[in-house]
Visitor: 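I'd like to ask some things about the structure below.
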Amino acid sequence: MATETQPYLSTATIPHGMDLLDIPLLNKGTAFSDLERTQYGLHGLLPPHVETLDEQAVRAYEAYQRKGDDLERHIFLRALQDTNEVLFYRLLLDHIAEMTPMVYTPVVALACEQFSHIYRRPRGLFISYPLRDSIPELLRSRANKNVDVIVVTDGERILGIGDQGAGGLGIPIGKLSLYTLIGGIHPARTLPIILDVGTNNLERLKDPEYLGWRHERITGRDYFDFVDQFVRAVKQELPGVCLQWEDFATPHARPILQRYRDQLLTFNDDIQGTSAVALGAILGAVKVTGKRLVEQQIVMFGAGSAGIGVADGLREAMKGEGLSEQEARSRFWAIDKDGLLHSGRTDLNPEQSVYAQPESLISGWPRTLNGRTGLADVIGKIDGTVLIGLSTVGGAFSEAIVREMARKVERPIIFPLSNPTTKSEAKADDLIRWTEGRALVASGSPFAPVSYGGREIPIAQCNNVYIFPAMGLGVVASEASRVTEAMMLAAARALAANSPALKDPSASLLSPLTDIRRVAAEIAVAVGIEAQKNGVAPKLSEDKLRERVRQAQWTPAYPSLSEPREKRV
Ligand code: NAI
């Protein structure tokens, strides 16, 4: 396990003067004590007043508040990260709800677009295609020797803004900040990487300031060979590291995951993390209804990569609760732009075919969607208990459809998960009003709490931050060698078990960000237990595992750098 929590703390090797102030993980700025200032030649380089971390955090927040827009706030925080990491994480922890969106979604999208214009200092690794024959050497140049988690992207499908080329590095940097902030992975043990295989974004290529490799994207065999060279180098240089794939385009994301998932400790957050967080919120909502998952009839509106991914997770969970494969499949009513998925359709891919209902079953059903069975028809015919939107069709959950669903079900579970807000299948306040406050709602985009019947109903936002930092913590603490599907399911179940709505029916389905570190530790324990069950982690008692998780969770605090008094004389 990563017990090395203070990798630099051999006082003999700590540099002096400006060299020390230049190391973000050791720099304390005005918080260096008098003793440390004397020992490391810092007197004169710093103002005379010695501050505490608390005082610094107040001053840093004042400076943050003076920034005029979100990009400026992002730049400020990144600059702080590159100067004093302890203070950076302390500030983030103090203002977690306010600042998480500044270092990660949505503001990080802007930072990726502007990457070449706001670039200041190196962080992470650029592995560009022309250097493909020296990947092991590039990896060896990393700033910190011991690494627990790598987040890697090729910058092709950055959030909702597509190909950003080398600017995509902003995503691994932001995401690893959350691995530390929430999961507690030591910042020195994280490594952001961009595989710079060029860009097809003409705006980037035309930009004289673009910092990436100015070339169209490498594709096909060359692309996959390059990824292969990268993975081989990772296995050689950093065996045991958790390698998280991030924001790869769909045609690359699945083949890469399939190819490497059994070779090393790896997962794809877009595919697996997304499904796990949605699943966690749904399982939490089902618990709130007092019913069992196996009793649910699930209407999945949108049968693309996200919809099928979430359905796959739910199907596995249903099988885990005793249903046969066939019984589990029969609980799903999946709809795409051509209507309900059924066995008579010839346009379904193998992943979608799993959810095709028998054509005979629906032969007499209405077909009001251009001669096909659409959402309104399905909701009219079945007693759907869960309605999930992953369709990108804004407003698709109409008042008539929602009222019809709510007429037949006491607590309908309705999750409009499409992003951004304009594509959300419904607005949260409409769903609450149309169901007289009975609907259990979680969304993909942020919605303000809804006031209804004298209650304030917070709307949970299904965001991957509930899963990936906890997964990182879980695999590090349990020394897992693989990330199995069962571990993802265990994470989702642990997230559901920590749903605030279980204790208070008016509360959100997912915990507030202020409680997320605690929940991450719970999820990490569940992941570690499952890893042992799956035979991919050494056996440990639950108490011991809990202790390991606790030890592995780094908290921002300054270590003392001064030698004991007796040693100095
Ligand atoms: P995709 O393009 O793979 O799938 C979209 C699906 O919606 C397809 O099956 C398509 O046929 C269907 N669809 C389109 N128009 C339709 C219509 N008029 N009626 C019925 N179905 C229709 O897209 P992907 O990657 O699955 O993403 C879908 C949405 O989910 C996006 O808005 C994305 O932002 C969101 N998403 C949200 C996540 C969250 O955690 N909140 C996670 C991942 C994706």
Side-chain angles (χ1 to χ4, degrees), residues 101 104-106 109 156-162 175 246-254 268-282 284-285 299-314 332-342 345 347-356 367-379 387-398 401 414-426 428 441-447 459-468 488 491-492 495 509-510:
Y104 192 51
T105 56
E156 187 168 8
R157 204 230 59 178
I158 296 301
L159 304 169
I161 56 168
K175 210 140 192 179
E246 180 69 25
D247 283 0
F248 283 73
T250 309
H252 292 149
R254 281 195 185 270
N268 179 309
D269 188 53
D270 307 305
I271 298 172
Q272 296 164 285
T274 293
S275 162
V277 69
L279 186 57
I282 294 164
V299 181
M300 182 65 71
F301 186 68
S305 33
I308 295 296
V310 172
D312 286 349
L314 278 167
F332 289 86
W333 306 86
I335 296 158
D336 74 358
K337 61 178 174 10
D338 297 315
L340 180 69
L341 272 51
H342 63 76
R345 282 179 59 172
D347 59 331
L348 305 183
N349 63 36
E351 290 82 25
Q352 292 172 319
S353 298
V354 168
Y355 300 101
R367 291 159 185 249
T368 60
L369 178 80
N370 303 325
R372 299 178 176 121
T373 301
L375 178 61
D377 306 323
V378 171
I379 293 289
L387 172 59
I388 301 164
L390 283 161
S391 67
T392 71
V393 185
F397 297 170
S398 66
I401 286 173
I414 309 182
F415 284 16
L417 292 182
S418 286
N419 286 319
T421 316
T422 50
K423 294 189 174 165
S424 184
E425 286 80 3
V441 179
S443 58
S445 303
F447 283 103
I459 306 298
Q461 188 189 353
C462 282
N463 187 321
N464 295 21
V465 295
Y466 286 101
I467 295 291
F468 67 80
M488 281 287 168
L495 180 61
L509 287 172
L510 295 169

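Computed from a prediction, not measured in an experiment: that's the story for all the values here. Remember, it's 1-based here, ligands and their atoms both numbered in the order they're listed.
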Visitor: Tell me if a side-chain donor or acceptor on S275 pairs with a main-chain N or O of I271 at a distance below 3.5 Å.
Guide: no

Visitor: What distance separates M300 CE from L417 CG, expressed to the nearest 0.5 Å?
Guide: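 Here the rounded value is 8.5 Å.
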
Visitor: Can you find a pair of side-chain heavy atoms, one from I308 and one from N349, that are under 4.5 Å apart?
Guide: no

Visitor: So which protein residues pack against ligand 1 under 4.0 Å, heavy atoms counted?
Guide: T274, F301, G302, A303, G304, S305, A306, D336, K337, L390, S391, T392, V393, L417, S418, N419, G444, C462

Visitor: State, to 0.1 Å, how close A253 and N268 come at their nearest heavy-atom pair, and which atoms those are.
Guide: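 What the structure gives for the nearest pair is CB-ND2, 3.7 Å.
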
Visitor: Donor-acceptor pair, Y355 side chain versus D312 backbone, under 3.5 Å?
Guide: yes

Visitor: Before accepting this row, confirm whether a basic side-chain N of the pair D247/K175 lies closer than 4.0 Å to the acidic partner's carboxylate O.
Guide: no

